[in-house]
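FYI, side chains are in, hydrogens and waters are out, and symmetry mates aren't considered; it's all heavy atoms of this structure.
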Amino acid sequence: MDLLDTLTAKGLRGEVPTREEALAVLATTDDELLDVVAAAGKVRRRWFGRRVKLNYLVNLKSGLCPEDCSYCSQRLGSKAEILKYTWLKPDQAADAARAGVAGGAKRVCLVASGRGPTDRDIDRVTDTMAAIKEADPAVEICVCLGLLSDNQAERLKAAGADAYNHNLNTSENTYGAITKTHTYADRVDTVQKAHGAGLSACSGLIAGMGETDEDLVDVVFALRELGSDSVPVNFLIPFEGTPLAKEWNLTPQRCLRILAMVRFVNPDTEVRIAGGREVHLRTMQPLGLHIANSIFLGDYLTSEGQAGQADLDMIKDAGFEVEGAGEATLPRHRADIAEAAQAGGGCGTAASACGSGGGCGPCGGHSHAPAQAATDAPAAEEPEDELRSDLVKVRRRGAGTELAPNA
């Protein structure tokens, strides 16, 4: 297939496809799917071998968010029956982080719902990071607290944060349809603040919210322009009690095509399968590992994921290996750029300033989110509502509960 030969050749050289080529990946048929996965797999192995980076989410503050993001179970007015609790104490968060690290997680992602942190919140997170680093100095810490104000990124960096997650979620063209309480520009500004402070930029998307193929391509190219080192791909989980509760549009095949498109546009960038992989990829999760080089271990923010041991078994059975603490995630040329940026206090905001490249988990209160079929894609056969509803399991264990975490 000429398209896949072209995309593979470009990816192996670290080059970016055209928008038309990226759109063509999303338009491939199910008959072509294994060829698409194989082509993306060659690019993935060129830059990341057979390593899989494990990340672990710790939800520091759950629910009660004043923002109105339509996809989020923690949003203002949400009727989703999720856990709600205020800030965990540093020792509680450190205990939760230890469970993930014990399961093989290399990065701990500290997330708190809300519009953005106060200075007191930054102090809380600083204390939490100190407790985690005391137990394991080598662990990477990514922080996700919403919109940042001036100097907050610098404070997090000085306190030991390695990365900051803030997802763009969807294209600028459609952003106003999913959120009214802040703008797409606000999100871009926060990613730029984090990057400018020398934090690794972790920013991704949510697929499955009614966007078109063009919207998906737009946001992925925008993430590359921002210089994201990590791109989490979330597949919408339609929580009951949220405006998108009825948006069940994804198939495993559609999700794999989206992952492949993201990989081709970001050949040498960490691509993470984030929220919703268990719900939407289901038994085809191992194929996703041939495209992405990073996943979350165990549960997410407000919903349950696959058991941690099942994740480890899947990685091993698929012929991959867990990335070790001493191994660099990014290719050498990308790692050099990131190190230079951190030493110099940032590398700007555009890909041209950050090398050839272009994240953590769902931002703020966003649970894992999956990809939705584009409006011009063939309609998937509507599954039974009862079966689909059973797939969404609200998290009742781990941080903020009396039950052991699923790591």
Side-chain angles (χ1 to χ4, degrees), residues 1-49 167-174 201 203-207 211-235 253-273 287-294 330-331 333-334 337 349-359 371-377:
M1 185 177 183
D2 290 342
L3 170 66
L4 295 181
D5 290 342
T6 298
L7 289 169
T8 300
K10 286 186 174 182
L12 295 178
R13 296 193 298 266
E15 297 176 5
V16 185
T18 65
R19 280 183 51 84
E20 291 70 24
E21 288 166 343
L23 285 167
V25 173
L26 298 179
T28 53
T29 67
D30 288 351
D31 287 342
E32 299 165 320
L33 183 62
L34 289 181
D35 293 328
V36 172
V37 172
K42 289 181 181 178
V43 177
R44 179 244 201 270
R45 290 191 299 277
R46 163 68 177 87
W47 301 106
F48 300 96
N167 297 328
L168 295 188
N169 290 330
T170 191
S171 71
E172 183 174 13
N173 184 55
T174 59
S203 189
L205 65 138
I206 299 174
E211 70 280 341
T212 65
D213 284 1
E214 288 77 10
D215 290 321
L216 287 171
V217 170
D218 281 349
V219 69
V220 172
F221 272 87
L223 291 166
R224 183 179 174 87
E225 282 296 312
L226 278 174
S228 296
D229 295 319
S230 175
V231 179
V233 181
N234 296 281
F235 300 110
Q253 295 83 0
R254 172 71 173 170
C255 294
L256 289 171
R257 281 192 286 271
I258 291 170
L259 287 171
M261 184 270 288
V262 174
R263 170 56 70 202
F264 288 130
V265 176
N266 298 277
D268 56 357
T269 297
E270 177 187 348
V271 174
R272 183 178 311 150
I273 314 177
L287 285 181
L289 296 179
H290 287 272
I291 304 171
N293 63 296
S294 180
L330 295 175
H333 68 283
R334 289 297 307 276
I337 293 165
T349 58
S352 60
C354 302
S356 61
Q372 154 165 1
T375 55
D376 56 353

Steps toward side chain to side chain contact (heavy atoms under 4.5 Å, CB included) verdict (E21, L7): CA-CA 8 Å; E21 288 166 343; L7 289 169; 3.9 Å; yes
Stepwise side chain to side chain contact (heavy atoms under 4.5 Å, CB included) test for L287 and L33: CA-CA 10 Å; L287 285 181; L33 183 62; 5.6 Å; no
Apply side chain to side chain contact (heavy atoms under 4.5 Å, CB included) to the pair V36 and L256, showing each step before the final yes or no. CA-CA 9 Å; V36 172; L256 289 171; over 6 Å; no
Would you please test L259 and I273 for side chain to side chain contact (heavy atoms under 4.5 Å, CB included) and show each step? CA-CA 8 Å; L259 287 171; I273 314 177; 4.1 Å; yes
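Of all heavy-atom pairs between A260 and V25, the closest is CB-CG1, 4.2 Å. Minimum interatomic distance between A24 and L3 (heavy atoms only, all atoms of both residues): CB-CD2, 3.6 Å. Counting all heavy atoms, side chain and backbone alike, V219 lies closest to S171 at CB-N, 3.9 Å. What you find for P267 and W47 is that their closest heavy atoms are O-CD1, 3.1 Å.
D218 contributes atom CG, which lies 8.5 Å from atom OG1 of T174 (distance to the nearest 0.5 angstrom). Of the inter-residue distances, the one linking L205 atom CG with I258 atom CD1 reads 7.5 Å to the nearest 0.5 angstrom. Rounding to the nearest 0.5 Å places OG1 of T6 at 10.5 Å from CZ of F264. The line from CG of D229 to CZ of R334 is 5.0 Å long, rounded to the nearest 0.5 Å. Here N169 contributes atom CG and E211 contributes atom CD; the two are 10.5 Å apart, rounded to the nearest 0.5 Å.
Evaluated for a side-chain contact (heavy atoms from CB on, under 4.5 Å) with L216, the options V262, T170, L23, L26 yield exactly one hit, L26. Results of the side-chain contact (heavy atoms from CB on, under 4.5 Å) test with I291 over V37, V43, V271 single out V37 as the only residue that passes.
Residues N173 and D215 form a side-chain contact, since some pair of their non-hydrogen atoms from C-beta on lies under 4.5 Å apart. At a threshold of 4.5 Å between non-hydrogen side-chain atoms, the residues D30 and R257 count as touching. Two residues are said to be in side-chain contact when any heavy atoms from C-beta on lie closer than 4.5 Å; T269 and L223 fail this criterion. Residues R19 and F221 meet the side-chain proximity criterion, which asks for heavy atoms closer than 4.5 Å.
Between the side chain of T8 and the main chain of D5, no donor-acceptor pair closer than 3.5 Å is present. No side-chain donor-acceptor contact under 3.5 Å links R272 to the backbone of V233. Panel note: side chain R46, backbone D268; no donor-acceptor pair is recorded below 3.5 Å. Counting only distance, with no hydrogens or angles, the side chain of R263 and the backbone of N266 share a donor-acceptor pair below 3.5 Å.
Side chains of E270 and S294: a donor-acceptor N/O pair is present below 3.5 angstrom, by distance only.
Crowding of K42 atom NZ: a count of heavy atoms from other residues, nucleotides or ligands under 6.0 Å not exceeding 12.
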